Amino acid sequence: MTLYLHEVHRVVGRCEDAFEAAFRDAGGWMQRLGEGDDARLLWYASQAHGTGPAYRVVTITAIADGSAWERLAWSVQHGDLAEWTRHTDTLRHDVTAKILLPVRWSPLGEMDLAAERALPADHEPTLFMEDTGWPHVPLDDYVDFWERDYYPLLAHQPESSRLLEIQACWVPALGTGRRPEAVLWQRIHSHERLVGLLSTEVPPERRAPGTYMDSALMYRDQWESRLLRTSSWSPRW
């Protein structure tokens with residue numbers, strides 16, 4: 001089963017460019033992972049200034065399976081990546097990490113890592129909204145609600161008016177992260193609709209009984225949204 005390493009880095013402000021180079025450039029995280037088939041960097045994204053704490057970077061790395069994770073962890077701690085890690089630690093205050101597992105209906109589940117790029121891409125930055133929810137019902141019920149109500153709601157919207165598209169849905173693996181918790185990784189399609197979301201209150205008719213906004217409160221009323229912008233070289237966008 002493909003595992004997903006989700007890391008939130010608190011980067012030293014003056015070291016922002018050097019930190020990015022440590023993931024992008026020759027000898028960095030992306031290239032070193034590309035020397036084998038155990039893991040690939042998928043996304044390198046910065047939290048947009050003005051939307052939360054400053055100098056936060058989120059990276060998501062796909063790992064082939066548990067054995068590959070063990071080899072990668074050993075390399076970071078004691079092996080070929082130990083010096084890279086030592087250097088990178090001088091560029092950030094700290095990093096918080098968790099291992100995520102895809103839910104059964106996640107668009108991004110099992111991956112052929114050998115087919116994933118291991119060199120910098122070249123594209124316009126892409127905006128993502130990462131929603132992390134903490135339900136007050138059993139976690140499976142919350143994830144099932146997303147599959148039954150939220151995922152089709154987004155998928156059936158016309159392309160011209162779509163705000164979000166779910167790229168992945170994950171839950172933390174046993175012993176990592178917080179429980180109950182679920183994470184949605186969503187690409188933003190419309191900057192105009194995003195501005196509307198941020199600048200206006202949700203109208204009463206969209207919060208009325210029977211709507212998604214109202215039904216969702218039966219499962220959770222606590223969540224966090226991060227507005228993230230990929231770097232132009234991020235392998236996926």
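Since this is a predicted model, take the numbers as computed values, not measurements. Atoms considered below: every heavy atom in the structure, side chains included; atoms not considered: hydrogens, waters and symmetry mates.
The main-chain N or O of Thr51 is found under 3.5 Å from a side-chain atom of Gln47 such that the two form a donor-acceptor pair. Remark: side-chain polar atoms of His136 are paired, donor with acceptor, to backbone N or O of Met218 under 3.5 angstrom. Checking side-chain atoms of Thr2 against main-chain N and O of Glu110 turns up no donor-acceptor pair under 3.5 Å. The backbone N or O of Asp89 lies less than 3.5 Å from no partner atom in the side chain of Arg86, so there is not a single donor-acceptor pair. Side-chain atoms of Thr126 do not come within 3.5 Å of backbone N or O of Thr230 as any donor-acceptor pair. Side chain of Glu165 to main chain of Leu154: no donor-acceptor pair is present (N/O by atom type, distance under 3.5 Å, no hydrogens or angles). When atom types are taken as modelled, the side chain of Arg207 and the backbone of Val202 share a donor-acceptor pair closer than 3.5 angstrom. A side-chain donor-acceptor contact under 3.5 Å links His123 to the backbone of Ser234. Checked by atom type and distance alone, the side chain of Arg220 never pairs as donor or acceptor with a backbone atom of Gln222 at under 3.5 Å. Between the side chain of Arg162 and the backbone N or O of Ala155 there is at least one donor-acceptor pair closer than 3.5 Å.
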Q.
Assess the residue pair His189 and Gln157 against the criterion (side-chain contact (heavy atoms from CB on, under 4.5 Å)); give the C-alpha distance rounded to whole Å, side-chain angles, the decisive distance to 0.1 Å, and a yes or no.
A. CA-CA 11 Å; His189 274 257; Gln157 289 177 341; over 6 Å; no
Q.
side-chain contact (heavy atoms from CB on, under 4.5 Å) for Lys98 and Leu100? Distances and angles first, verdict last.
A. CA-CA 6 Å; Lys98 54 191 173 186; Leu100 300 175; 4.0 Å; yes
Q) Can you check side-chain contact (heavy atoms from CB on, under 4.5 Å) on Leu3 and Leu101, steps first, answer last? A) CA-CA 6 Å; Leu3 310 177; Leu101 301 176; 3.3 Å; yes
(Q) Pair Val183, Val171 - check side-chain contact (heavy atoms from CB on, under 4.5 Å), show working. (A) CA-CA 6 Å; Val183 180; Val171 295; over 6 Å; no
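Distance check: Arg193 CZ to Leu198 CG gives 12.0 Å after rounding to the nearest 0.5 Å. To the nearest 0.5 Å, atom OG1 of residue Thr176 and atom NE2 of residue His6 are 11.0 Å apart. Rounded to the nearest 0.5 angstrom, Leu33 CG and Glu116 CD are separated by 12.5 Å. For the atom pair CD (Glu181) and CG (Leu139), the distance works out to 9.0 Å, reported to the nearest 0.5 Å. Atom OG of Ser161 and atom CD of Glu159 lie 9.0 Å apart (nearest 0.5 Å). With rounding to the nearest 0.5 Å, the separation of CG in Leu119 from CD in Gln31 is 7.5 Å.
Residues Asp38 and Leu72 form no side-chain contact, since every pair of their non-hydrogen atoms from C-beta on lies 4.5 Å or further apart. Residues Leu194 and Leu227 are in side-chain contact: their nearest non-hydrogen atoms beyond the backbone lie under 4.5 Å apart. A 4.5 Å side-chain heavy-atom check between Met30 and Pro235 finds at least one atom pair inside the cut-off. Using a 4.5 Å cut-off on side-chain heavy atoms (C-beta onward), Tyr142 and Pro180 make no contact. You'll find the side chain of Ile166 reaches within 4.5 Å of the side chain of Tyr150, heavy atoms only. Looking at heavy atoms from C-beta onward, Tyr4 lies in side-chain contact with Leu108 at the 4.5 angstrom threshold. Side-chain contact between Trp105 and Trp146 is present, with at least one heavy-atom pair separated by less than 4.5 Å. Side-chain contact between Arg226 and Val8: present, with at least one pair of heavy atoms (C-beta onward) separated by less than 4.5 Å.
The heavy-atom pair separating Ala168 from Ser106 by the smallest distance is CA-OG, 3.4 Å. For the pair Ala82 and His78, the tightest heavy-atom approach, listed with the atom from each and the gap, is CB-C, 4.1 Å. Considering every non-hydrogen atom in both Ala114 and Arg40, the closest pair reads CA-NH2, 4.0 Å.
A donor-acceptor contact closer than 3.5 angstrom is absent between the side chains of Trp29 and Thr88.
In this structure, Tyr55 has its ring center closer than 6.0 angstrom to the ring center of His49. If you look at Tyr44 and Trp237, their ring centroids are not closer than 6.0 Å. Residues Phe145 and Tyr212 place their aromatic rings such that the two centres sit under 6.0 Å apart.
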Under 3.5 Å, which donor-acceptor pairs do the side chains of residues 62-69 form with other protein atoms, sequence neighbours left out?
residue : atom : partner : partner atom : Å
Asp65   : OD1  : Ser67   : N            : 3.2
Asp65   : OD1  : Ala68   : N            : 2.9

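Ring orientation note: the planes of Trp43 and Trp185 are tilted relative to one another, at an angle of 30° to 60°.
Residue Leu81 is not grouped with residue Leu113 when hydrophobic side chains (ILVMFWY) are merged at heavy-atom distances under 4.5 angstrom, including chains of intermediate members. Linking ILVMFWY side-chain heavy atoms closer than 4.5 Å, directly or via other members, places Trp170 and Leu42 in a single hydrophobic cluster. At a threshold of 4.5 Å between side-chain heavy atoms, the hydrophobic network of Ile, Leu, Val, Met, Phe, Trp and Tyr places Trp84 and Val12 in two separate groups. Hydrophobic clustering, with ILVMFWY side chains joined whenever heavy atoms are under 4.5 angstrom apart, groups Trp233 together with Leu91. Under the 4.5 Å side-chain heavy-atom criterion for grouping Ile, Leu, Val, Met, Phe, Trp and Tyr, Val76 is connected to Leu5 within one hydrophobic cluster.
The number of heavy atoms from other shown groups lying within 6.0 Å of CG (Asp80) does not exceed 12. More than 12 heavy atoms of other residues, nucleotides or ligands sit less than 6.0 Å from atom CG of Leu217. Annotation: Arg206, atom CZ; neighbour count of heavy atoms from other residues, nucleotides and ligands within 6.0 Å does not exceed 12. Within 6.0 Å of the CD atom in Glu35, the count of heavy atoms belonging to other residues, nucleotides or ligands exceeds 12.
With sequence neighbours left out, the side chain to side chain donor-acceptor pair (under 3.5 Å) criterion links Arg10 to Asp94.
Under the ring-ring contact (aromatic ring centres under 6.0 Å, His included) rule, Phe19 has a single partner from His93, His87, His9, which is His9.
Between Asp144 and Arg104 there is a salt bridge, with a side-chain nitrogen of the basic residue lying less than 4.0 Å from a carboxylate oxygen of the acidic one.
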